Amino acid sequence: AQTVTQSQPEMSVQEAETVTLSCTYDTSENNYYLFWYKQPPSRQMILVIRQEAYKQQNATENRFSVNFQKAAKSFSLKISDSQLGDTAMYFCAFMKRHNAGGTSYGKLTFGQGTILTVHP
Amino acid sequence: SAVISQKPSRDICQRGTSLTIQCQVDSQVTMMFWYRQQPGQSLTLIATANQGSEATYESGFVIDKFPISRPNLTFSTLTVSNMSPEDSSIYLCSVGQREKLFFGSGTQLSVL
């Protein structure tokens, strides 16, 4: 079984600054995906970024980037130039890579979440 | 990504009643899932909604309590049966595309 741990219950940052959210995970799998999701007060779960474990290059999506350390099982999210709209709960999540006929696809294992507040 | 419409967005229900939540996707998708988010918690997978066959439930979730329908590749329902206050949660529909999971806006359920 997989576990995902987010050790920072809450974080805060000033607008326009950079913040890093931490995530560690434990798995015996070799092929998997890691995700960061954002959940604002509207409760919509929004996919922020995905990292494929077989890729060494860190994923980047505009102001969002990850630091993926496979050996250390660490997957942090960096938000640059923070904006007020980034205020939300952020979840780190793990998913085994889909195999044809497999039943694990779609089963996301989530961390406990980190509440991020961006201050003006 | 697929556009996922979920309704109702919220409801307040009495103990012992049932509520059916609908999830509509704007394109055909093979994989649809239902998640639960209890107050202050992260998400837990309830079941995979399989088109044309019974849903596949995760440990701790049973069909009698959470019956699921999946009549076609764009629609699914989740029923929360014989509700108790412990069922008060956010219920989210999710679809898989290109090995990413996208979520509907969720249903906030409160049981009195």
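A note on names: the letters A, B, ... follow the listed sequences, proteins ahead of strands, and every chain is numbered from 1. Just so you know, these numbers come straight off a predicted model, no measurement behind them.
A/V48 and B/F102 are members of different hydrophobic clusters when ILVMFWY side chains are connected at heavy-atom separations under 4.5 Å. If you chain together hydrophobic residues whose side chains sit under 4.5 Å apart, A/Y90 and A/V13 fall into the same group. Each of B/L43 and A/L77 belongs to its own hydrophobic cluster when Ile, Leu, Val, Met, Phe, Trp and Tyr are linked at side-chain heavy-atom distances under 4.5 angstrom. Note: the hydrophobic cluster containing A/L84 also contains A/F64 (ILVMFWY, side chain heavy atoms under 4.5 Å, direct or indirect links). Criterion: ILVMFWY side-chain heavy atoms under 4.5 Å apart, direct or through other members. Under it, B/I12 and B/I21 are not part of a common hydrophobic cluster.
Only the backbone of B/T107 comes within less than 4.5 Å of a heavy atom in chain A; its side chain stays farther off. Residue B/T44 does not touch chain A at all, counting heavy-atom pairs closer than 4.5 Å. Only the side chain of A/R50 comes within contact range of chain B, judged by heavy atoms closer than 4.5 Å. Using a 4.5 Å cut-off between heavy atoms, A/T109 makes no contact with chain B at all. Contacts between A/F110 and chain B at a heavy-atom distance below 4.5 Å involve backbone atoms as well as side-chain atoms. For B/L92, the part sitting under 4.5 Å from any heavy atom of chain A is the side chain, from C-beta outward, and nothing else.
Annotation for B/E54: atom CD does not count as buried by contact number, only 12 or fewer foreign heavy atoms lying within 6.0 Å. Within 6.0 Å of atom NZ in A/K78, 12 or fewer heavy atoms from other residues, nucleotides or ligands are found, so the atom counts as exposed in its surroundings. Annotation: A/I46, atom CD1; neighbour count of heavy atoms from other residues, nucleotides and ligands within 6.0 Å is above 12.
Taken to the nearest 0.5 Å, the CE atom of A/M95 stands 11.5 Å off from the CG atom of B/L45. One distance of note links CG of A/L47 with CD of B/Q97; it measures 11.5 Å at 0.5 Å rounding. Rounding to the nearest 0.5 angstrom, the gap separating the CE atom in A/M45 from the OH atom in B/Y35 is 9.0 Å.
Judged by distance alone, with hydrogens and angles left aside, the side-chain atoms of A/R43 form a donor-acceptor pair with the main-chain N or O of B/S105 at under 3.5 Å. Remark: the backbone N or O of B/F103 is not paired with any side-chain donor or acceptor of A/Y37 at under 3.5 angstrom. Of the possible donor and acceptor atoms, one in the side chain of B/S42 sits under 3.5 Å from a partner among the backbone N and O of A/G111.
Residues B/Q37 and A/Q39 bring a donor and an acceptor atom of their side chains to less than 3.5 Å of each other.
The nearest pair of heavy atoms linking B/L101 to A/L108 is CD2-CD1, 3.6 Å.
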